[in-house]
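Structure first, then comments.
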Amino acid sequence: MKITHHLDDSTLMSCAAGAQPEALAAVVSSHLAVCPRCRQELKKHAVIGEALFEALKPEPVTRGAPVVAMRSGEAALDELDVDEMPAALKAALEGRFDDVPWRRAGPGIWHYPLPLSAKAKGDLRLLKAAPGTRLPEHGHGGTELTLVLDGAYADDFGTFRRGDIADLGDDVEHRPIADLQQGCICLAASDEKPRFTGLFARLLQPLAGL
Ligand SMILES: [Zn+2]
């Protein structure tokens, strides 16, 4: 796997501090599991973070949450514990995409929302786009992380293939298009609930009544 798009420093920093919302942490840890470079970077940040974030209490992660508990910089390097994941996420991370109970969200777009702990904020879901599907242009409410699990997509920032992560802040607008041959399957998280103007809201509005 050749990975060309990585996590931002600020994301690695909050990861090292154990201060990431659960939904984002799920995507971060999934990228770390396949990316030696970001694991290496995380180690550096963990050393800095130890000094800076001593006072911060990491968010507790309940059993069944789709996340490796990131209780410290070192713990964040643990392997993904697939046994504690929802079945759909486990299936997707293992490449068994047909085992995900996809729900149709629009023409050429399917999704599967993943459960978070009761008190967790944010949104975590699997997304699947048919070959050549163009998503609506959208901005982001808060941080949005997208990890490509299969196929590819392209936007103004380049082409994102398997293992690549898009680490987008809230001032970014883009209009991704799924690979013409393979389509694209992603794990996507945002640290806010979908807003009316957000990507998910637009995609899912007709179904979810948002
Ligand atoms: Zn990386």
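Just so you know, residue 1 is the first one in the sequence shown, and it goes up from there. Ligands are counted one by one from 1 in listed order, and the atoms in each one are counted from 1 as well.
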(request) Check whether any N, O or S atom of H5 sits under 2.8 Å from the Zn ion (ligand 1). (result) no
(request) Calculate the angle formed at the Zn ion (ligand 1) by SG in C35 and SG in C38; 10° precision is enough. (result) 120°
(message) Any non-hydrogen side-chain atom of I3 less than 4.5 Å from a side-chain atom of R37?
(response) no
(request) Tell me which N, O or S atom of H31 sits nearest to the Zn ion (ligand 1). (result) NE2
(request) State the CG-CG distance between L187 and L149, to the nearest 0.5 angstrom. (result) 5.5 Å
(message) For a 4.5 angstrom cut-off between non-hydrogen side-chain atoms, does L147 reach V28?
(response) no
(message) Is there a side-chain contact between V148 and C184 in this structure, where contact means two heavy atoms from C-beta onward sitting under 4.5 Å apart?
(response) yes
(request) Considering just N/O/S atoms, say which atom of H6 is closest to the Zn ion (ligand 1). (result) ND1
